[in-house]
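Values reported hereafter were calculated over all heavy atoms of this structure, with side chains retained and with hydrogens, waters and symmetry mates removed. Letters A, B, ... mirror the listed sequences (proteins, then strands); counts begin at 1.
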Amino acid sequence: MKMHHRLSVLLLAAWAAFVPAQAAEAPASAPSKPGEQLLQALLAGKTSQAEEVQIGRRIAGNLLGAAPLVADETLQRYVNRVGRWVALQGERPDLAWHFGVIDSEDINAFAAPGGYVFITKGLYRRLNDEAELAGVLGHEIAHVQRKHHLKLLRQTQVIAALGGLLGSKVKDEEQLVQNLIGNGAEIAARSLDREAEHEADRMGLVLAARAGYDAYGLPAVLAEIGHVGRSDKRVSLLYKTHPLPAERLTRLGEAAGDRLDTLAPGQDGSGRFYRLP
Amino acid sequence: MSLYFAAPLSLAAALLLSVDAVLAMGTPPQAPPAADQPAATGSSMLKQDDLRAGPDANARILARLAQGQGVKVLASQGGWTQVSAAGQTGWVRVLSVRSPAGGVGLGEVVAPREAGKVVAVAGVRGLDEEDLRAARFDGGELRRLDGYALDREEAERFARAAGLLPRTMPYLKGPAPAREPANDPWGINP
Ligand SMILES: [Zn+2]
């Protein structure tokens, strides 16, 4: 990590040196194609909500290509009710939120920009009640709210743009969006900064509590996942992209301190919880 | 071509050589476990906390348990875990106890839910890095996903019917901001 950081600083300095030089040679002209606009918006960190959704939708469609939705309409509608309600407790209540349970025995959950949230059947099966579902969805909702994956994309694109790797190959807008996100849904397999994960845990816990749920749903899920052996293939991607459950729980406990003591008990919603057939 | 332009270009070329290195480091292997990993057996206090007579922050304090002290987990209720330690039985915050499995106090009272269940290996659909990289856009599934989405009013109706009462609660604070710049290693956030 330390090395990564030093390299980043070096790159940043070079980027700063490169930009004014380019401007001097070729005066800035308005981007001619919508695709270029999207790239420039991403690089400047000024992606509009519509552009964010466009990127997220592409990632979501690719992810569904890897694992389709579980063919259970009752399940999908149920998860959307809980997820949408939890998302209403955050700063982006009016995004067009989408929630889906995808058909994979892996134990994992994913978020894509613009309000796309997925949980695998393997993780859903290990949940005990609605408060736990709310906590898991809350963690992913927090990633969307804080635009964690957009920031990850931007970091990649700063590098790619330096070499003009993108502009030359672009055919149409959808192609450009695909170029932006890399191959398929590989962005979903990339690690965010560890602090972003701890932040998503802290926010996910609070979003579920705000929604009226027991605040200990997310910690309970982390404890449950901790029972799965580290060598179990079903958790290998989760453990590669996230800190280990024990570390996440430790950090949640430090952040919570005595702050949850005065919180009135919430619902666990176990009576409503939809169990997989 | 001015020198002014040529220099940054070669700089850019040098940078591109580093691209793979940086991208590879974007997905670092899992770091080794933190130094304060749980002891192999038994639960212990993750942090110092008061042992109380009941599962309530206002309950009488029986003792103060030090970080690392071994405890035996007996039960769990809401945000509290019942433990016995040094000859006394009482309650501590659930997030203050670490179970041997690496979880918090919840870990022991919440039994592994799939224990004994046979997991078929053949035909199980995993979702690893390779699957994700190779994934092809599925517009049909995306439209199905759209069909399940709810609007704000529908979600509020669900919450009302379920008796879920919204409440205000500020976000929990993270560690001191000195650790935060790692979130934005490029320094390009607006
Ligand atoms: Zn996460």
Side-chain angles (χ1 to χ4, degrees), chain A residues 4-5 8 12 14 17-18 21 25 45 61-62 64-69 76-77 80-81 84-85 88 98 100 104-106 126 155 158-159 162-163 183-186 188-191 193 195 199 202-203 206 209-210 212 216 219-220 223 226-227 237 239 246-247 249 253 255-256 260-261 265, chain B residues 4-5 8 11-12 15-16 19 22 25-27 30 34 46 57 78-79 95 101-104 106-107 110 112-113 124-129 131-139 141-142 144-145 148-150 155 158-159 162 164-167 169 171-172 174 182-183 185-190:
Chain A
H4 185 182
H5 197 74
S8 304
L12 177 63
F18 180 61
E25 282 296 315
N62 290 345
L64 288 170
L69 293 168
Q76 303 294 356
R77 294 202 184 278
N80 273 277
R81 281 198 290 275
R84 194 71 175 83
W85 173 241
L88 281 181
H98 293 76
S104 165
E105 291 303 330
D106 251 48
R126 301 187 86 89
Q155 289 163 13
V158 166
I159 302 164
L162 275 173
N183 294 314
E186 71 178 359
R190 291 187 51 196
S191 308
D193 182 87
E195 287 306 317
E199 181 183 36
R202 294 193 301 269
M203 289 174 68
V206 170
R210 285 180 185 169
Y216 294 92
H227 285 305
L237 184 60
Y239 283 11
E247 186 193 338
L249 283 165
L260 304 180
D261 289 354
Chain B
Y4 186 40
F5 194 58
L11 198 50
L15 285 174
L16 283 173
V19 168
V22 174
M25 275 183 278
T27 54
Q30 187 62 57
L46 198 54
L95 286 171
V104 276
L106 291 159
V110 182
R113 284 159 211 166
V124 163
R125 198 198 296 259
L127 196 53
D128 64 13
E129 239 180 311
D131 300 326
L132 290 168
R133 194 173 291 130
R136 303 286 293 271
F137 187 82
D138 189 333
E141 283 298 293
L142 198 53
R144 274 183 66 205
L145 183 75
Y148 299 132
L150 263 63
F158 155 72
L164 285 165
L165 301 174
R167 41 189 177 178
M169 178 184 176
Y171 285 127
L172 300 170
N183 265 335
W186 303 95
I188 54 171
N189 278 342

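- More than 12 heavy-atom neighbours from other residues, nucleotides or ligands sit within 6.0 angstrom of CZ on B:R167.
- Per-residue counts of heavy-atom pairs under 4.5 Å with chain B were compared for A:G184, A:A67, A:P265, A:S104; the largest is that of A:S104.
- Residue contact with chain B, scored on non-hydrogen atoms closer than 4.5 Å, involves the backbone and the side chain of A:P68 alike.
- Between chain A and the options B:D128, B:D131, B:L145, the largest number of non-hydrogen pairs under 4.5 Å is found for B:L145.
- Scored by the side chain to side chain donor-acceptor pair (under 3.5 Å) test, A:R77 finds A:E73 as partners (sequence neighbours excluded).
- In this structure, chain B has a heavy atom under 4.5 Å from the side chain of A:L88, while its backbone stays farther away.
- A:L69 touches chain B through backbone and side chain together, each having a heavy atom under 4.5 Å away.
- The side-chain heavy atoms of B:L127 and A:L237, taken from C-beta on, include no pair separated by under 4.5 Å.
- Checked against side chain to side chain donor-acceptor pair (under 3.5 Å), A:N183 has no partners two or more places apart in sequence or in another chain.
- In this structure, chain A has heavy atoms under 4.5 Å from both the backbone and the side chain of B:R133.
- Using a 4.5 Å heavy-atom threshold, the side chains of B:L150 and A:W85 count as separate.
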